[in-house]
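All values reported here derive from a predicted model rather than from experimental measurement. What you see below is based on every heavy atom in this structure, not just the backbone, and it leaves out hydrogens, waters and symmetry mates.
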Amino acid sequence: ASQTRLTVTIAVRFSNGKNPEDDFEKTYTAFEIFDSSLMLNDVQDELLKKIIETITDQIYNDTVAKW
């Protein structure tokens, strides 16, 4: 069974107004694998929801880790 990967990459620039030394720029990437017999149009909404949730969690963890 062949599989296909949907990958999303987001570039973030974070600025901390109170502690500028915590500012950063970082690229976040996440992916989901799906069966290549499926059409992307049929699975993209579900896959993107999972990918965005993963990236959001990563960004959240990086931005509140020093609070």
Side-chain angles (χ1 to χ4, degrees):
S2 184
Q3 296 179 327
T4 303
R5 178 187 296 200
L6 175 62
T7 303
V8 174
T9 301
I10 298 174
V12 172
R13 179 180 299 153
F14 176 77
S15 297
N16 184 329
K18 292 188 177 189
N19 296 310
E21 65 273 4
D22 291 339
D23 294 357
F24 66 86
E25 290 186 39
K26 187 173 179 179
T27 301
Y28 295 88
T29 300
F31 65 88
E32 287 289 326
I33 296 173
F34 63 98
D35 191 297
S36 63
S37 67
L38 301 172
M39 297 295 295
L40 177 59
N41 289 340
D42 295 334
V43 296
Q44 71 180 1
D45 290 344
E46 179 183 337
L47 297 177
L48 286 172
K49 189 180 292 186
K50 291 178 183 179
I51 290 170
I52 291 169
E53 182 176 321
T54 299
I55 292 175
T56 301
D57 288 345
Q58 292 171 351
I59 294 168
Y60 177 82
N61 289 335
D62 285 350
T63 56
V64 301
K66 295 184 180 186
W67 285 5

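- With sequence neighbours left out, Thr29 forms a side-chain hydrogen bond (donor to acceptor under 3.5 Å, both in side chains) with Thr9.
- Ser15 is linked by a side-chain hydrogen bond (donor to acceptor under 3.5 Å, both in side chains) to nothing, counting only residues two or more places apart in sequence or in another chain.
- No chain of hydrophobic side-chain contacts below 4.5 Å, direct or via other Ile, Leu, Val, Met, Phe, Trp or Tyr residues, connects Leu6 to Ile33.
- Atom CD of residue Glu32 and atom OG1 of residue Thr7 lie 10.0 Å apart, to the nearest 0.5 angstrom.
- Looking at residues two or more places apart in sequence or on another chain, you find no side-chain hydrogen bond (donor to acceptor under 3.5 Å, both in side chains) involving Arg5.
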* **side-chain contact (heavy atoms from CB on, under 4.5 Å) between Phe24 and Thr63, worked out** => CA-CA 9 Å; Phe24 66 86; Thr63 56; 3.9 Å; yes
Report all side-chain donor-acceptor pairs from residues 46-54 shorter than 3.5 Å, counting only partners two or more places apart or in another chain.
from, atom 1, to, atom 2, distance (Å)
Glu46, OE2, Lys50, NZ, 3.4
Thr54, OG1, Lys50, O, 3.0

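- Legend: residues meeting side-chain hydrogen bond (donor to acceptor under 3.5 Å, both in side chains) with Lys26, ordered by chain and number and at least two apart, are Asp62.
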* Evaluate side-chain contact (heavy atoms from CB on, under 4.5 Å) for Ile10 paired with Val12, printing each intermediate quantity in order. => CA-CA 6 Å; Ile10 298 174; Val12 172; 4.0 Å; yes
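- The ring pair (Phe, Tyr, Trp, His ring centres under 6.0 Å) analysis of residues 26-45, with sequence neighbours excluded, yields no pairs.
- Judged purely by atom type and a 3.5 angstrom limit, Asn19 has no side-chain atom pairing as donor or acceptor with the backbone of Asp22.
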Return a table of donor-acceptor pairs under 3.5 angstrom between the side chains of residues 37-44 and protein atoms on other chains or two or more places apart.
from, atom 1, to, atom 2, distance (Å)
Ser37, OG, Asp35, OD1, 2.6

